[in-house]
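To find a chain, count down the sequence lines: A is the first, B the second, and so on, and within it residues start at 1.
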There are 2 protein chains.
Amino acid sequence: MEQRIDRIKNQLHSKSYKLTPQREATVRVLLENEEDHLSAEDVYLLVKEKAPEIGLATVYRTLELLNELEIVDKINFGDGVSRYDLRKEGAAHFHHHLVCIECGTVDEIQDDLLGEVEKVVEKDWNFKIKDHRLTFHGVCHRCQNAGEESEAEKKPKKRNQVKVR
Amino acid sequence: MEQRIDRIKNQLHSKSYKLTPQREATVRVLLENEEDHLSAEDVYLLVKEKAPEIGLATVYRTLELLNELEIVDKINFGDGVSRYDLRKEGAAHFHHHLVCIECGTVDEIQDDLLGEVEKVVEKDWNFKIKDHRLTFHGVCHRCQNAGEESEAEKKPKKRNQVKVR
DNA sequence: ATTAATAATGATAATTAATACCACTTTATA
DNA sequence: TATAAAGTGGTATTAATTATCATTATTAAT
Ligand SMILES: [Zn+2]
Ligand SMILES: [Zn+2]
Ligand SMILES: [Zn+2]
Ligand SMILES: [Zn+2]
């Protein structure tokens with residue numbers, strides 16, 4: 001945690017930005033809720049618990065800054081608000097999302113599923129890919145198993161529960 | 001065009017909705033701009049040219065209705081507005097998008113690039129996929145070739161220019 | 001055909017996420 | 001210290017979307 005903050009501080013410094021107390025508090029909230037997909041408002045409320053004097057505008061500015069520095073990714077799941085997702089350190093690509101249309105849960109897929117697809121896009125469309133967004137909407141394993149809790153083989157191989165809102 | 005409208009009319013009727021003049025005018029605008037990615041405001045302005053009495057609320061309601069009936073897909077490219085994309089008739093999946101970070105153009109990929117990926121997601125994550133969104137952000141073929149217009153091999157195999165905004 | 005119930009519309013108010021603005025404070029530089 | 005630059009907080013503003021409501025059009029019943 002502290003090392004992670006130090007590295008983020010260095011990333012800011014390398015671009016001549018400072019890790020002010022407000023920015024550090026915001027980063028800490030993001031780190032402490034790494035599995036979530038928080039809106040700016042969500043972040044604001046959480047940061048206020050520790051740094052009550054912080055302003056909403058500062059939170060927006062900080063999130064925008066972290067996005068520019070590629071420390072967070074901004075993503076929109078179609079519910080009208082932008083959400084901020086800490087980019088995993090060392091991840092070569094932005095992870096993917098599974099949004100459950102029944103319970104609203106968002107699970108993450110860290111695996112690189114798009115390697116082959118990206119080759120095709122770069123070659124056939126002559127498009128130089130810088131980033132991507134891949135989201136599946138459907139029914140999560142929990143909602144499929146509503147009622148029949150047992151059956152071990154229906155459990156997913158990997159999971160990582162996350163809530164939208 | 002007329003046949004397409006008839007089929008949409010039938011889709012509405014099958015769910016007990018009527019194809020009112022306002023709804024028809026809205027659908028016509030979508031059909032006439034099938035390659036574009038119009039916002040509700042964009043649609044409103046275009047519909048007004050033919051049906052000046054239409055209200056913005058009606059356009060929003062119609063787009064929402066068409067979305068429910070899966071005649072249009074709502075998509076957000078991260079610029080703060082929802083855009084409405086006519087679903088291609090007979091298409092098994094929602095098409096994909098290439099958003100150019102230099103010129104803002106949005107190209108479409110109609111090919112099914114996610115067949116294998118979806119198999120993996122359904123199996124390994126036990127997630128029942130109903131829909132997907134795949135968008136690549138990067139530099140389009142036009143912006144890459146800025147200056148060196150010739151070189152035929154740099155042209156993409158398929159293209160389908162579309163403008164955001 | 002007349003009437004009653006229902007559906008749809010248009011104008012506008014309300015909501016809400018995000019940004020703009022500006023006076024004030026903190027930090028860096030000369 | 002003086003001066004400039006960067007950052008902040010409160011609030012006003014913007015802009016997309018939704019809610020409200022009186023009016024109009026359509027359908028069903030009598
Ligand atoms: Zn995520
Ligand atoms: Zn679920
Ligand atoms: Zn499209
Ligand atoms: Zn371009």
Specify the closest pair of heavy atoms between A:Leu30 and A:Val43, including all atoms of both residues, with the distance to one decimal.
CD2-CG2, 4.1 Å
Kindly give the heavy-atom pair with the smallest separation between B:Asp131 and B:Arg133, and that separation in Å.
OD2-NH1, 3.1 Å
[X] [atom1] - [N] [atom2] separation (whole Å):
X	N	atom1	atom2	answer
A:Asn76	D:dA16	CG	P	14 Å
B:Tyr17	D:dT26	OH	P	18 Å
B:Ile54	C:dA8	CD1	P	14 Å
B:Glu41	D:dT14	CD	C1'	13 Å
A:Leu12	D:dA6	CG	P	15 Å
A:Glu68	D:dA6	CD	C1'	15 Å
B:His13	D:dT26	NE2	P	12 Å
B:Lys15	C:dA8	NZ	P	14 Å

Residue pair B:Tyr44/B:Arg23 against DNA chain C: nearer the 5' end by closest nucleotide is B:Arg23
On DNA chain C, nearest-nucleotide positions of A:Ser39 versus B:Glu53: which is more 5'?
B:Glu53
Hey, are [X] and [Y] close enough for a salt bridge, meaning a charged N less than 4.0 Å from a carboxylate O?
X	Y	result
A:Arg61	A:Glu64	no
B:Glu89	B:Arg7	yes
B:Glu102	A:Lys128	no

Taking DNA chain C as the partner, which of residues 57-64 of chain B come within under 4.0 angstrom of it by heavy atom?
B:Ala57, B:Thr58, B:Arg61
Mind telling me whether A:His37 and A:His95 have parallel, tilted or perpendicular rings, with 30° and 60° as the class edges?
perpendicular
Whom does C:dT12 pair with, Watson-Crick or G-U wobble, provided both distances fall under 3.5 Å?
D:dA19
Would you check if there is a donor-acceptor pair between the side chains of A:His97 and A:Asp85 at a distance under 3.5 Å?
yes
Taking only the side-chain nitrogens and oxygens of [X], find out if one of them lies under 4.0 Å from OP1 or OP2 of [N].
X	N	answer
B:Ser82	D:dT17	yes
A:Gln22	D:dG7	no
A:Thr20	C:dT26	no

Under 4.0 Å, counting only non-hydrogen atoms across every strand here, what does A:Leu56 touch: a base, just sugar-phosphate, or nothing?
nothing
